[in-house]
Number of protein chains: 2
Amino acid sequence: MSPRRVDKTARRQQILDAAVRVFARRGFAASRIEDVAAEAGIAKGSVYMYFGSREEILRAAFEALASAMDRLLEGALSGTGPALARLDALIRDVLASIAAAPDLARVLLDLWGSGRDGDGLPLDMAETYGRYRAAVAALLAQAAAEGEARPGVGEAEATVIVGAIEGCVLQWLIDPRVPIGELAEPLAAVCLHGVRGRDA
Amino acid sequence: MSPRRVDKTARRQQILDAAVRVFARRGFAASRIEDVAAEAGIAKGSVYMYFGSREEILRAAFEALASAMDRLLEGALSGTGPALARLDALIRDVLASIAAAPDLARVLLDLWGSGRDGDGLPLDMAETYGRYRAAVAALLAQAAAEGEARPGVGEAEATVIVGAIEGCVLQWLIDPRVPIGELAEPLAAVCLHGVRGRDA
DNA sequence: CTATTATGACTGACCAGTCAGTCATTGGAG
DNA sequence: CTCCAATGACTGACTGGTCAGTCATAATAG
């Protein structure tokens, strides 16, 4: 066998994919580097050729997730058409994107729990989610200017909407019987109705 | 059988309070039993007189939180008046109750992440949140029957509402600058508007 | 033959849980 | 009331096991 032929970036990705699978199964705290190595089909020591530490793997997983979300956000912000329609599409896209990568989604639970003081890893989750809220708030402000959203909606409503999305994901992560696929429609409906003016 | 020094229940509570403070600060995974003991002002060994294991402490914290929520739910379900008004009050009460106990709220992050297969602790979070969703769904069904909510709202919308509450808490846990106190109003507004019929 | 990549045995730190012993309190005997 | 034996809450050094990260060695490519 010659796994030596694989190029650096591909091998790094292979380890990251394996790590996400393992973290999803047992949680970050209970996942040993050896488990990750075994899942990737390589030896423990080799992992350290591509990642400096156990936590760096988690950080890389976070970055993958965050950059996927950033791409969706970027699209919604720079798109054309009524702002509320773009918010509608954004909500559905984000939910679909998360639902499509269940393992990565499960790692979210560890990510959310990792922003603690002390030796916690510096993931700056606060900055990332702040950006998400700002993007939704911008969309909401546009919608208000276009007369589609009730006047006065802003930061607070953006927090509620971002929270509602994350909350639906959370419900699904806690209880896999929650049908995440069927949640996009009612989620978008509640958020949009909740933010619209008096016209149904 | 009079207690020797401090009564058993009080000491257990003292340890639990200390544990919640420590878990909130460093996270469950990084919290050593010795830290909890030190915070409670007792020796490590004494902790094991009141809790069988490290995880049993976490389970006790979960039960305290869950029973507080159950009380609010019970009140909303058995109350009088329009169902939608009771849902409005429930949303505000739950958020206020969580915001009032920030340390306990932070432990939520660990709790959410602990429902994994393998050696995970059997907290049956799924059952608990399922009950919350069912309660909100019942309120929604009543509201629909009273003509206040649009017909057809049900389980899915209940999931969105429960998720939105948890999501707002999550935003605040990730970024303490999020003003949880000022979120009750817009959260209730979005949820209620999002579920109401065509009348604003 | 050299450089590069991979390996897995090893080490040192860390910590959950244990248990043999301590000592303040208590209740009863003198 | 005093004294002392019984009690059991409390202690913390210790054990056994785990695991992140290292590094001397081996395998392979060029």
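Throughout, protein chains are lettered first and strands after them, A, B, ... in sequence-line order, and every chain is numbered starting at 1. None of these values were measured; they are calculated from a predicted model.
Judged as a salt bridge (Lys or Arg N to Asp or Glu O under 4.0 Å), the pairs with a partner in residues 166-189 of chain B (not counting sequence neighbours) are, in order, A:R133-B:D175, B:R92-B:E185, B:D175-B:R177. Residue pairs meeting the side-chain hydrogen bond (donor to acceptor under 3.5 Å, both in side chains) criterion with at least one partner in residues 74-84 of chain B, sequence neighbours excluded, do not occur; the list is empty. Among pairs with a residue in residues 131-188 of chain A, those fulfilling ring-ring contact (aromatic ring centres under 6.0 Å, His included) read A:Y129-A:Y132, at least two apart in sequence or across chains.
With distances taken from any side-chain atom of B:K8 to the nucleotides D:dT11, C:dG8, D:dA9, the minimum falls on D:dA9.
B:I57 places its CD1 atom 14 Å from the C1' atom of C:dC15, with the value rounded to the nearest Å. Between the CZ atom of B:R12 and the C1' atom of D:dA9 there is a distance of 16 Å, given to the nearest Å.
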Response to the item:
Nucleotide by nucleotide, nucleotides 17-22 of chain D touches protein heavy atoms under 4.0 Å in the pattern (B base, S sugar-phosphate only, - none) --SBBB
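Remark: B:R131 engages B:D70, B:E127 in a side chain to side chain donor-acceptor pair (under 3.5 Å) (not counting sequence neighbours). Residues satisfying the side-chain contact (heavy atoms from CB on, under 4.5 Å) test with B:R150, not counting sequence neighbours, are A:A189, A:H193, B:V153, B:E157.
Looking at B:Q14, its side chain does come within 3.5 Å of a backbone N or O of B:A40 through a donor-acceptor pair.
For the pair B:S46 and D:dA9, the criterion of a side-chain N or O lying under 4.0 Å from OP1 or OP2 is not met.
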